[in-house]
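Residue numbers start from 1 in every chain, and the chains themselves are labelled A, B, ... in the order their sequence lines are given, proteins ahead of strands.
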Amino acid sequence: MIRVLFFGMLATKTGVRETHLELKRPGATLSDVMEELGKRFALPPKAPYMLAVNEAQADPSTVLKDGDEVAVMPPFSGGLG
Amino acid sequence: MIRVLFFGMLATKTGVRETHLELKRPGATLSDVMEELGKRFALPPKAPYMLAVNEAQADPSTVLKDGDEVAVMPPFSGGLG
Amino acid sequence: MTPAIEDKPVRIQEGDFSVEEEVDRIKQSSRGIGAVVAFLGVARDSSGGKAIMSVSFEQYASMALKALEALREDALRRFDIIDARIVHRVTAINPGGNIVLITVASAHREEAFRACSWCIDTLKKTVPLWKKETTPEGESWVVPHA
Amino acid sequence: MTPAIEDKPVRIQEGDFSVEEEVDRIKQSSRGIGAVVAFLGVARDSSGGKAIMSVSFEQYASMALKALEALREDALRRFDIIDARIVHRVTAINPGGNIVLITVASAHREEAFRACSWCIDTLKKTVPLWKKETTPEGESWVVPHA
């Protein structure tokens, strides 16, 4: 089981801030999880997502394990008014 | 008659902050005045002076007239500690 | 003794900060400081022709603080600077209100300018914070320029 | 009514200044301000290996104020900025003490960084101010690098 967090515009679009997912096979990657989430929440496939695993930016090839925290985030927009 | 001001290290070297000078001829330039001051105060001829006439930076070819205020200044060193 | 929250060199907080206090704190890191460069991000009253009534920031709190700490460490390694401090607010902020303050101290000014500018550029890219604008038409999330 | 001295955007003064007050004043010039960049020059405790007990500044007062005003006008013309303020002290200043503060406000940060950096570079070249250092060996005038 992994924990998935959505932020900003993606929390608005999906209607949830947090969900949980079973990894379907050993060696499943962030990319596999994104495909699954895309189906479940009708996420636009080409939007530029920022991804993190356990609070560190990660790319889609990252292999996940049970207990990981995955964040699916819109591009950051801090710092300016 | 013109008024001449010395600042910083030049006030220390000449021992005066202010002096007065008669212009020797009409059309006398800042360069002529520097020559005269050089003799009177033994100013090193090659030091990089900053020159001003009536509170604006001026170059040695500037023609002076009675009543002008000339400043003979070391390179500026404001702004930093 | 644990230092007071306000003494931490990177912080994400709701409340406002004091520019004077942040500058005073960084000046206390060394008597070799000759230059402090500060960048203050302020909420504007308009953006691309739209009136903005307020902006508010959301964060991925645990990751944002780590990313901000990493950003400071990286700046201290990359630039010949003495110290750097960063504070970012997450709350609704009206026009004129403070959003973020980055202060960088160094012996010589060029490095402080370079490092401070690098910090705000890098913060925008690496710290999970999202801006929402409230306009007369309602609220909308901001999509940053590529 | 004449504005209070502290409201003038360029000043040369003996007394200390407040970074917070200068930043607050510049923020009041417009609600379109998105960025304030500040440069604070601070007295260091050493220079080229020598211990410095204090620095003090002498000015050609009438010309220095004119040059500082011209510098601000020039910055406002050259850069896409909203406002700029400059305050420089002339007095003896101990290590850690404030020497000069340049604050620049703009809609976007890049111009504020460029203009603020340009202002301090240009101040050093165009404003008749001279620095004297007091070391354990005595006082000496500073000859700037070419």
Can you pull out all donor-acceptor pairs below 3.5 Å that join chain D and chain C?
unit_1: D:Ser18; atom_1: OG; unit_2: C:Glu20; atom_2: OE1; d: 2.7
unit_1: D:Val19; atom_1: N; unit_2: C:Glu20; atom_2: OE1; d: 3.1
unit_1: D:Val19; atom_1: N; unit_2: C:Glu20; atom_2: OE2; d: 3.3
unit_1: D:Glu20; atom_1: N; unit_2: C:Glu20; atom_2: OE1; d: 2.9
unit_1: D:Glu20; atom_1: OE1; unit_2: C:Ser18; atom_2: OG; d: 2.7
unit_1: D:Glu20; atom_1: OE1; unit_2: C:Val19; atom_2: N; d: 3.1
unit_1: D:Glu20; atom_1: OE1; unit_2: C:Glu20; atom_2: N; d: 2.9
unit_1: D:Glu20; atom_1: OE2; unit_2: C:Val19; atom_2: N; d: 3.3
unit_1: D:Lys27; atom_1: NZ; unit_2: C:Gly96; atom_2: O; d: 3.0
unit_1: D:Lys27; atom_1: NZ; unit_2: C:Asn98; atom_2: OD1; d: 2.7
unit_1: D:Arg31; atom_1: O; unit_2: C:Asp45; atom_2: N; d: 2.9
unit_1: D:Arg31; atom_1: NH1; unit_2: C:Pro95; atom_2: O; d: 2.7
unit_1: D:Gly34; atom_1: O; unit_2: C:Val42; atom_2: N; d: 2.9
unit_1: D:Val36; atom_1: N; unit_2: C:Leu40; atom_2: O; d: 2.9
unit_1: D:Val36; atom_1: O; unit_2: C:Leu40; atom_2: N; d: 2.8
unit_1: D:Ala38; atom_1: N; unit_2: C:Ala38; atom_2: O; d: 2.9
unit_1: D:Ala38; atom_1: O; unit_2: C:Ala38; atom_2: N; d: 2.9
unit_1: D:Leu40; atom_1: N; unit_2: C:Val36; atom_2: O; d: 2.8
unit_1: D:Leu40; atom_1: O; unit_2: C:Val36; atom_2: N; d: 2.9
unit_1: D:Val42; atom_1: N; unit_2: C:Gly34; atom_2: O; d: 2.9
unit_1: D:Asp45; atom_1: N; unit_2: C:Arg31; atom_2: O; d: 2.9
unit_1: D:Pro95; atom_1: O; unit_2: C:Arg31; atom_2: NH1; d: 2.6
unit_1: D:Gly96; atom_1: O; unit_2: C:Lys27; atom_2: NZ; d: 3.0
unit_1: D:Asn98; atom_1: OD1; unit_2: C:Lys27; atom_2: NZ; d: 2.7
unit_1: D:Arg109; atom_1: NE; unit_2: C:Asp121; atom_2: OD1; d: 3.2
unit_1: D:Arg109; atom_1: NH2; unit_2: C:Asp121; atom_2: OD1; d: 2.6
unit_1: D:Asp121; atom_1: OD1; unit_2: C:Arg109; atom_2: NE; d: 3.2
unit_1: D:Asp121; atom_1: OD1; unit_2: C:Arg109; atom_2: NH2; d: 2.6

- Message: Under 4.5 Å from any heavy atom of chain D, what part of C:Val37 do you find: side chain, backbone, both or neither?
- Response: both

- Look at the aromatic rings of D:Phe113 and C:Phe113 and report parallel, tilted or perpendicular, splitting at 30° and 60°. perpendicular

- Check whether C:Ala107 gets within reach of chain D through its side chain, its backbone, both or neither, counting any heavy atom under 4.5 Å. both

